[in-house]
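What follows is a short report on a single structure.
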Amino acid sequence: MHVRSFQLSDCNQVTELLQIALSEECYENTMEPFSRQLAWDSDLIMIAEENGEIVGALIGTIERNHGCYFRIAIHPDYRRQGIGKALIEAMEQRFQSRKVSRILVAGDEHNAAAMPLYEAMGYGANKILTSFQKLSIVSQP
């Protein structure tokens, strides 16, 4: 498995992955923020590849000098193989290189299934961003 930054040529594969990996409602709530983050700073979208196929994606953003994990999606056939952990570690390094003051997880109902993964990596209750709706990628001011 290889983790890397998003490239424009990944757009169709990532969109397909999000559609497969997320519920319909979550997918619909993710596409606009994904598009905004892509336009603003595509380096905060990490991709996991296996044999040339995109099997995981993590959308991050930086808001008021806080890094935020917005949405993680792992293809159902590749779950529980360390892909989510690798994506989070890669994004964490990206956030640290940007010198963010804090790293948080967007605490919406669509991230509930991923919370045990985040918690196992040290992102417990005090690192959950409950007012994530105010993130710029979620709602245009």
Side-chain angles (χ1 to χ4, degrees), residues 1-50 52-141:
M1 178 199 35
H2 174 66
V3 175
R4 61 174 174 77
S5 294
F6 179 92
Q7 299 167 355
L8 196 54
S9 59
D10 297 328
C11 206
N12 288 340
Q13 274 194 75
V14 170
T15 300
E16 287 175 23
L17 170 70
L18 294 173
Q19 203 163 18
I20 292 167
L22 305 175
S23 71
E24 188 176 332
E25 181 185 1
C26 181
Y27 172 78
E28 290 171 9
N29 291 333
T30 299
M31 290 311 294
E32 196 170 321
F34 168 60
S35 297
R36 279 198 192 111
Q37 189 57 45
L38 193 54
W40 292 345
D41 189 349
S42 63
D43 280 344
L44 294 177
I45 300 172
M46 302 302 295
I47 301 301
E49 261 183 328
E50 185 74 44
E53 180 185 352
I54 294 176
V55 297
L58 176 58
I59 302 167
T61 192
I62 296 176
E63 188 83 29
R64 295 186 238 18
N65 201 36
H66 292 142
C68 184
Y69 301 112
F70 175 69
R71 187 76 70 230
I72 191 165
I74 309 298
H75 191 287
D77 296 344
Y78 291 87
R79 291 182 182 157
R80 306 196 70 71
Q81 296 180 27
I83 294 170
K85 182 177 188 241
L87 285 166
I88 292 168
E89 287 172 346
M91 185 68 75
E92 188 172 49
Q93 289 176 352
R94 184 74 36 98
F95 285 148
Q96 289 170 350
S97 73
R98 303 276 185 99
K99 308 222 183 302
V100 299
S101 61
R102 196 166 177 208
I103 303 173
L104 303 165
V105 179
D108 70 350
E109 70 274 12
H110 301 300
N111 278 343
M115 292 319 281
L117 169 62
Y118 288 115
E119 289 168 3
M121 296 190 67
Y123 295 95
N126 65 334
K127 304 259 179 146
I128 307 301
L129 180 63
T130 54
S131 60
F132 75 95
Q133 295 90 348
K134 295 180 180 154
L135 288 174
S136 294
I137 63 169
V138 175
S139 60
Q140 271 302 93

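Keep in mind that this is a model prediction, so the values were computed, not measured. The analysis underlying the following values was restricted to heavy atoms, covering all of them including side chains, and did not include hydrogens, waters or symmetry mates.
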Distance-only criterion, 3.5 Å: show the donor-acceptor pairs between side-chain atoms of residues 86-94 and protein atoms not counting sequence neighbours.
| from | atom 1 | to | atom 2 | distance (Å) |
| --- | --- | --- | --- | --- |
| Glu89 | OE2 | Lys85 | NZ | 3.4 |
| Glu92 | OE2 | Tyr123 | OH | 2.5 |
| Arg94 | NH1 | Ser5 | OG | 2.8 |
| Arg94 | NH1 | Asp43 | O | 2.5 |
| Arg94 | NH2 | Ser5 | OG | 3.1 |

Contacts table for residues 15-26: side-chain donor-acceptor under 3.5 angstrom, sequence neighbours left out:
| from | atom 1 | to | atom 2 | distance (Å) |
| --- | --- | --- | --- | --- |
| Thr15 | OG1 | Cys11 | O | 2.9 |
| Ser23 | OG | Cys26 | N | 3.1 |

Between the main-chain N or O of [Y] and the side-chain N or O of [X], is there a donor-acceptor pair closer than 3.5 Å?
X      : Y     : result
Glu50  : Val55 : no
Asn111 : Arg71 : no
Asp10  : Gln7  : yes
Ser42  : Leu38 : no

_Within the 4.5 Å heavy-atom criterion, are Ile72 and Leu117 side-chain neighbours or not?_
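Yes, side chains in contact.
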*asked:* Less than 4.5 Å apart, side chain to side chain, heavy atoms only: is that true for Phe6 and Gln37?
replied: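 SC-SC contact between Phe6 and Gln37 ruled out.
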Between [atom1] of [X] and [atom2] of [Y], what distance do you get to the nearest 0.5 Å?
X      : Y      : atom1 : atom2 : result
Phe95  : Leu104 : CZ    : CG    : 9.0 Å
Phe70  : Arg36  : CZ    : CZ    : 9.5 Å
Leu44  : Ile59  : CG    : CD1   : 11.0 Å
His110 : Asn29  : NE2   : CG    : 4.0 Å

*asked:* Using the rule given for side chain to side chain contact (heavy atoms under 4.5 Å, CB included), can you reason through Ile83 versus His75, listing the C-alpha separation, both sets of side-chain angles and the distance that settles it, and then say yes or no?
replied: CA-CA 10 Å; Ile83 294 170; His75 191 287; over 6 Å; no
*What residues form a side-chain hydrogen bond (donor to acceptor under 3.5 Å, both in side chains) with Asp77, not counting sequence neighbours?*
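If we apply the side-chain hydrogen bond (donor to acceptor under 3.5 Å, both in side chains) test to Asp77, skipping adjacent residues, there are no hits.
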*asked:* For Glu49, give me all partners under side-chain hydrogen bond (donor to acceptor under 3.5 Å, both in side chains), at least two apart in sequence or on another chain.
replied: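 Partners of Glu49 by the side-chain hydrogen bond (donor to acceptor under 3.5 Å, both in side chains) criterion, ordered by chain and then number, come out as Arg4.
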*With sequence neighbours excluded, tell me which residues meet side chain to side chain contact (heavy atoms under 4.5 Å, CB included) with Ser101.*
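Result, side chain to side chain contact (heavy atoms under 4.5 Å, CB included) vs Ser101: Asn65, His66.
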_I'd like to check the side chain to side chain contact (heavy atoms under 4.5 Å, CB included) partners of Asn12; sequence neighbours left out, ordered by chain and number._
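So Asn12 forms no side chain to side chain contact (heavy atoms under 4.5 Å, CB included) with any residue.
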*Determine the minimum heavy-atom distance between Ile47 and Ala57, stating which atoms define it.*
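Residues Ile47 and Ala57, closest heavy atoms: CD1-CB, 4.1 Å.
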*Work out which heavy atom in Gly56 is nearest to a heavy atom in Ile74; give both atom names and the distance.*
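For Gly56 versus Ile74, the nearest heavy atoms are CA-CD1, 4.0 Å.
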